[in-house]
Chemist: 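My questions all concern the structure below.
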Amino acid sequence: MIHLVLQEKLQQVVNALMPEADVSNILVRPCPEPKFGDYQTNALIGLAKRNQLNPREFAAQVVEQLDVTEYCEPIEIAGPGFLNFRLKAMALSDSLAGAARGEHLFYHTDAEPRTVVIDYSSPNVAKPMHVGHIRSTILGYALAKVFRLLGHKVVTDNHIGDWGTQFGKLLVGWKEHLDKEALGQDALAEMERLYKLVNAASDGDEAVLARARNELVKLQDGDAENLAIWHEMIDLSRHQFDEIYSRLRVNFDETLGESFYNDRLKGVVDELIAQGIAEESEGAQVVFFNDHKSLKKHPAIVRKSDGAANYTTTDLATLEHRQNTWQPSEVIYVTDGRQQLHFQQLFALYDRWKPNHGMKFNHVWFGAILGEDGRPFKTRSGEIIRLAGLLDEAEQRAFDTVSKKNPDLPEEERNEIARVVGLGAIKYADLSGNRQSDYVFNWDTMLALVGNTAPYLLYAFTRIRSIFRKLGDESLTRPKAFALDQAEELTLAKHLLRFGLVLELVIEECRPNYLCNYLYELAGHFGSFYENCPVLQAGGDTRTQRLALCNLTGQVLQTGLETLGLETTDRM
RNA sequence: GCCCCGGUAGCUCAACUGGAUAGAGCGUCUGCCUUCUAAGCAGAAUGUUGUGGGUUCGAGUCCCGCCCGGGGUACCA
């Protein structure tokens with residue numbers, strides 16, 4: 001983590017020269033252009049200007065005091081006052097040799113681990129999971145793994161939608177229109193059919209609506225028959241969710257659905273009323289945010305006029321439970337961007353309810369999935385694309401490709417490769433973009449096997465594995481030092497050193513695409529290295545060092561991919 | 001109406017939070033498989049970053065106006 005050492009020394013020097021200045025935003029970053037150096041800072045320019053100093057003269061003063069000769073060639077002052085750092089060969093060598101000895105993998109765990117609750121996936125009972133759910137699931141799982149890699153304690157929680165007004169209509173449908181055979185074949189599809197059926201029938205039909213309300217009241221009052229049906233719907237749904245999660249290789253520490261908090265809802269509202277936070281308005285219990293600029297016009301309802309709680313109430317109870325149970329320093333919600341207002345309300349409301357909670361709230365939202373016409377995504381028939389079908393298609397395409405590229409592999413192995421590659425492609429397609437951008441769904445883009453895709457990264461990994469297979473029984477000697485002279489070796493090695501920087505950026509911004517970009521670049525640098533720097537045919541120290549470089553690249557690739565939730569394969 | 005996102009190459013997307021010449025992939029064109037897996041590598045072409053102003057050493061990024069698209073906007077989640 002050389003850049004952190006540079007950064008710390010730089011901050012110390014600036015602090016000595018300018019004691020009042022806030023040095024926390026004086027950062028050392030990789031140079032965008034290698035020709036300028038390996039790392040740079042541009043923070044001195046702004047700092048000098050804010051203090052009516054000449055930036056270049058100030059930079060010169062800093063450089064005068066800054067002793068980094070252990071790591072860098074003489075610092076260059078460039079342009080209006082950039083500092084450019086160029087790594088000494090020895091510093092690079094030391095870092096690589098340490099990693100080769102297994103002392104680190106170019107990142108370090110946080111000295112002050114935090115506890116983080118991450119809420120993701122959260123599908124609704126009785127509705128099939130579709131492509132929209134995959135984003136939350138895959139993003140949330142990847143984020144959890146990055147936090148864990150950096151030493152934080154993570155509690156993942158799948159907040160399933162298993163309680164609420166939709167069960168009124170579902171119960172009517174179940175009792176009046178259930179097709180048991182269809183239920184046995186595809187339970188979620190059948191439940192969805194029932195819901196849509198009753199939903200359509202209730203449109204403008206008071207009698208149907210009344211039946212649905214009645215069934216819901218009976219359920220909430222603990223009617224034995226309705227409770228039994230409700231339980232069955234949950235079991236069937238969860239069974240299908242678990243199938244998807246198992247295919248995606250995603251898991252959760254907790255699965256506490258909305259119903260888990262049911263007994264607490266009344267108490268939450270009563271407390272809000274007693275504390276004068278909630279008040280009656282138009283028959284409902286409502287919280288106004290008059291002192292809150294952006295929420296002024298958007299009060300939150302915590303009890304509907306019919307007396308029932310809603311999702312704000314449930315989410316308040318959920319936050320309370322999380323605070324009491326895990327005392328997290330941060331709670332992260334991974335949902336689509338349409339819920340931004342809801343979470344603004346929730347966070348503001350919780351701040352008022354429990355002012356000393358000490359938690360940082362973070363709504364990590366993502367953009368919509370659009371069709372090729374740029375409108376919200378639907379297939380031609382109007383049906384939302386099901387997740388299971390998407391996964392099947394991905395694996396099939398990967399299987400066809402591996403069978404073409406490598407027909408001699410046993411079918412069983414090709415199947416396993418297809419699974420890893422196909423699922424990896426889907427996950428990577430979801431992770432590699434900026435999560436806040438809407439994205440246009442396209443089968444060929446999402447399932448592409450060339451270009452900036454998971455298979456590209458996996459392929460680089462298999463080439464490394466292949467080299468080590470060729471090595472056979474020969475034991476790997478650890479180089480004591482790295483004397484790299486080829487441009488491709490240096491580029492690759494220096495990129496390895498940035499791994500930790502990227503991981504920290506990912507958890508700061510909750511954006512796994514930074515890690516995707518990094519790994520893609522790493523695989524690219526490895527590709528050039530692989531073409532230009534023979535490994536097994538090289539001799540002496542060069543061979544030893546290149547083998548070690550391959551090994552380290554493989555480790556970073558594998559760690560990075562696994563952290564994103566992707567598996568690796570030795571052959572493709 | 002108001003609020004929040006967004007608009008970048010023909011297409012799909014990046015751009016390390018205000019940095020140096022805006023980058024990748026797909027598609028198009030040109031080379032490279034008796035040598036560690038060609039799902040690869042090397043190279044070419046492609047841009048008024050929606051638009052008009054402003055801020056400053058420096059703007060895709062920040063501020064203001066306008067155009068276009070999406071979402072939200074009191075009892076769905």
Side-chain angles (χ1 to χ4, degrees), chain A residues 27 29-33 35-36 40 42 45-46 49 55 78-82 84 122 124 161 164-166 258 281-286 294-306 308 310-312 314-315 335-342 344 365 367-368 370 372 374-376 398 401-402 404-406 421 429 432-434 436-440 442 444-446 448-453 455-456 458-460 462-471 498 501-502 505 508-509 511 513-514 516-518 520-521 524 527-528 530-538 546 550 571-572:
Chain A
L27 303 177
R29 292 292 177 198
C31 268
E33 284 275 354
K35 70 177 181 193
F36 294 127
Q40 69 166 219
N42 57 44
I45 306 169
K49 298 204 95 167
F82 292 97
N84 289 330
S122 309
N124 288 316
T165 45
Q166 77 268 29
E258 292 171 342
S281 171
E282 298 176 29
Q285 286 297 329
V286 177
S294 61
L295 292 178
K296 209 167 186 171
K297 292 182 174 173
H298 301 288
I301 291 173
V302 292
R303 178 184 289 159
K304 301 190 283 182
S305 51
D306 65 3
N310 66 1
Y311 67 136
T312 301
T314 312
D315 278 352
T335 82
D336 70 80
R338 288 176 303 184
Q339 300 192 38
Q340 286 177 86
L341 178 59
H342 164 66
Q344 279 180 37
W365 59 271
L370 308 174
E372 309 222 25
R375 294 187 317 196
T401 302
V402 71
K404 198 170 74 195
K405 302 274 183 192
N406 233 333
V421 172
S432 61
N434 182 338
Q436 294 185 339
S437 309
D438 291 348
Y439 83 74
V440 175
N442 175 288
D444 292 329
T445 305
M446 190 144 197
L449 303 174
V450 294
N452 184 357
T453 63
Y456 180 79
L458 293 169
Y459 184 71
T462 62
R463 287 172 136 185
I464 294 170
R465 298 306 307 153
S466 179
I467 288 173
F468 285 99
R469 264 200 308 280
K470 289 273 191 308
L471 207 55
R498 298 183 184 179
L501 187 81
V502 168
L505 205 57
E508 265 169 44
E509 309 281 332
R511 281 179 51 181
N513 71 308
Y514 290 141
C516 293
N517 293 347
Y518 169 83
Y520 179 66
E521 285 164 7
S528 305
Y530 183 88
E531 297 288 332
N532 291 291
C533 305
V535 178
L536 294 173
Q537 276 111 350
R546 286 182 179 171
C550 288
R571 281 181 231 265
M572 282 171 72

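Every chain is numbered from 1 and lettered A, B, ... according to where its sequence line falls, protein lines coming before strand lines.
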Chemist: So A/Tyr456 and A/Tyr520, would you call those rings parallel, tilted or perpendicular, with 30° and 60° as cut-offs?
Modeler: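 Correct class here is tilted.
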Chemist: For A/Thr445 and for A/Pro534, locate the closest nucleotide of RNA chain B by heavy-atom distance; then report the residue assigned to the nucleotide nearer the 5' terminus.
Modeler: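 So the residue in question is A/Thr445.
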Chemist: Do any side-chain nitrogens or oxygens of A/Tyr456 fall under 4.0 Å of OP1 or OP2 in B/C41?
Modeler: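 So the side chain of A/Tyr456 is within the cut-off, an N or O lying under 4.0 Å from OP1 or OP2 of B/C41.
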Chemist: Within the stacking criterion (centroid distance below 5.5 Å, interplanar angle below 30°), does A/Phe82 stack on B/A20?
Modeler: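 Here the ring of A/Phe82 and the base of B/A20 are stacked, with centres under 5.5 Å and planes under 30°.
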Chemist: Judged by each residue's nearest nucleotide on RNA chain B, which is more toward the 5′ side, A/Lys470 or A/Phe36?
Modeler: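 Nearest-nucleotide comparison on RNA chain B picks A/Phe36.
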Chemist: Can you say whether a donor on the side chain of A/Asn84 sits under 3.5 Å from an acceptor on the base of B/A20, or the other way round?
Modeler: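 Indeed, a donor on one side and an acceptor on the other fall under 3.5 Å apart.
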Chemist: Please list, chain by chain and in numerical order, all residues satisfying side-chain contact (heavy atoms from CB on, under 4.5 Å) with A/Tyr518, sequence neighbours excluded.
Modeler: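 side-chain contact (heavy atoms from CB on, under 4.5 Å) check on A/Tyr518 returns A/His495, A/Arg498, A/Phe499, A/Val502, A/Leu515, A/Leu522, A/Val556.
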Chemist: Under 4.0 angstrom, heavy atoms only, what part of the nucleic acid is A/Ala460 near: base, sugar-phosphate, or nothing?
Modeler: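 Contact class for A/Ala460: none.
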Chemist: From the set B/C76, B/C16, B/U73, return the single nucleotide nearest to any side-chain atom of A/Pro30.
Modeler: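 The answer is B/C16, which lies nearest to the side chain.
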Chemist: Go through A/Phe82 and A/Phe36 one step at a time and tell me if the side-chain contact (heavy atoms from CB on, under 4.5 Å) criterion holds.
Modeler: CA-CA 10 Å; A/Phe82 292 97; A/Phe36 294 127; over 6 Å; no
Chemist: Tell me whether the side-chain N/O atoms of A/Asn517 come closer than 4.0 Å to OP1 or OP2 in B/G23.
Modeler: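 A/Asn517 to B/G23 OP1/OP2: no side-chain N or O under 4.0 Å.
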Chemist: Within the structure, does a side-chain N or O atom of A/Arg29 lie under 4.0 Å from either OP1 or OP2 of B/G19?
Modeler: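 So the side-chain polar atoms of A/Arg29 never come under 4.0 Å of the phosphate oxygens OP1 or OP2 of B/G19.
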Chemist: Could you check which of B/G25, B/A77, B/G71 has an atom nearest any side-chain atom of A/Asn452?
Modeler: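 Within the option list, the nearest is B/G25.
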Chemist: What is the distance, rounded to the nearest whole Å, between atom CD of A/Gln339 and atom C1' of B/C4?
Modeler: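 A/Gln339 atom CD is separated from B/C4 atom C1' by 14 Å.
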Chemist: Quick one: closest heavy-atom pair of A/Gly161 and A/Gln166, and the distance?
Modeler: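 Taking A/Gly161 first and A/Gln166 second, the nearest heavy atoms are O-NE2, 3.9 Å.
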Chemist: For RNA chain B, what is the dot-bracket line, given that a base pair needs Watson-Crick (N1 to N3, plus N6-O4 or O6-N4) or G-U wobble (N1-O2 and O6-N3) geometry with both distances under 3.5 Å, and | means paired with another strand?
Modeler: (((((((..((((.....[...)))).(((((.......))))).....(((((..]....))))))))))))....
Chemist: Within this structure, what is the OH-to-C1' distance between A/Tyr530 and B/A42, rounded to whole angstrom?
Modeler: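 Atom OH in A/Tyr530 sits about 16 Å away from atom C1' in B/A42.
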Chemist: Check A/Gln344 against A/Ser294 and note the closest heavy-atom contact, atom names and distance.
Modeler: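 What the structure gives for the nearest pair is OE1-OG, 3.5 Å.
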Chemist: Which heavy atom of A/Val402 sits nearest to which heavy atom of A/Met572, and what is that distance?
Modeler: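 For A/Val402 versus A/Met572, the nearest heavy atoms are CG2-C, 3.8 Å.
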Chemist: Within the 4.0 Å heavy-atom criterion, would you say A/Arg498 contacts the bases, only the backbone, or no part of the nucleic acid?
Modeler: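 No contact.
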Chemist: In whole Å, I'd like the distance from the CG atom of A/Asn513 to the C1' atom of B/U12.
Modeler: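 Between C1' of B/U12 and CG of A/Asn513: 15 Å.
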Chemist: What are the two closest non-hydrogen atoms of A/Ala284 and A/Ile301, and how far apart are they?
Modeler: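 It is CB-CG2, 4.3 Å.
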Chemist: Contact class for A/Leu536 (heavy atom, under 4.0 Å): base, sugar-phosphate, or nothing?
Modeler: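 Base, at least one base atom sits under 4.0 Å.
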Chemist: Of the options B/A77, B/C4, B/A20, whose atoms approach the side-chain atoms of A/Tyr311 most closely?
Modeler: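 So the nucleotide nearest the side chain must be B/A77.
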Chemist: Mind checking if A/Tyr520 touches a base, just sugar-phosphate, or nothing, with heavy atoms under 4.0 Å?
Modeler: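 Answer is sugar-phosphate: A/Tyr520 comes under 4.0 Å of backbone atoms only.
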Chemist: Taking only side-chain nitrogens and oxygens of A/Ser437, does any of them come within less than 4.0 Å of OP1 or OP2 of B/A14?
Modeler: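 So the side chain of A/Ser437 is within the cut-off, an N or O lying under 4.0 Å from OP1 or OP2 of B/A14.
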Chemist: Between A/Lys297 and B/C2, is there a side-chain N or O to OP1/OP2 distance below 4.0 Å?
Modeler: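 No, A/Lys297 has no side-chain N/O under 4.0 Å of OP1/OP2 on B/C2.
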Chemist: Strictly below 4.0 Å: does A/Ser528 bring a side-chain N or O up to OP1 or OP2 of B/A42?
Modeler: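 For B/A42, OP1/OP2 do have a side-chain N/O of A/Ser528 under 4.0 Å.
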Chemist: Would you indicate whether A/Arg338, at its atom CZ, is surrounded by more than 12 heavy atoms from other residues, nucleotides or ligands within a distance under 6.0 Å?
Modeler: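 No, not enclosed.
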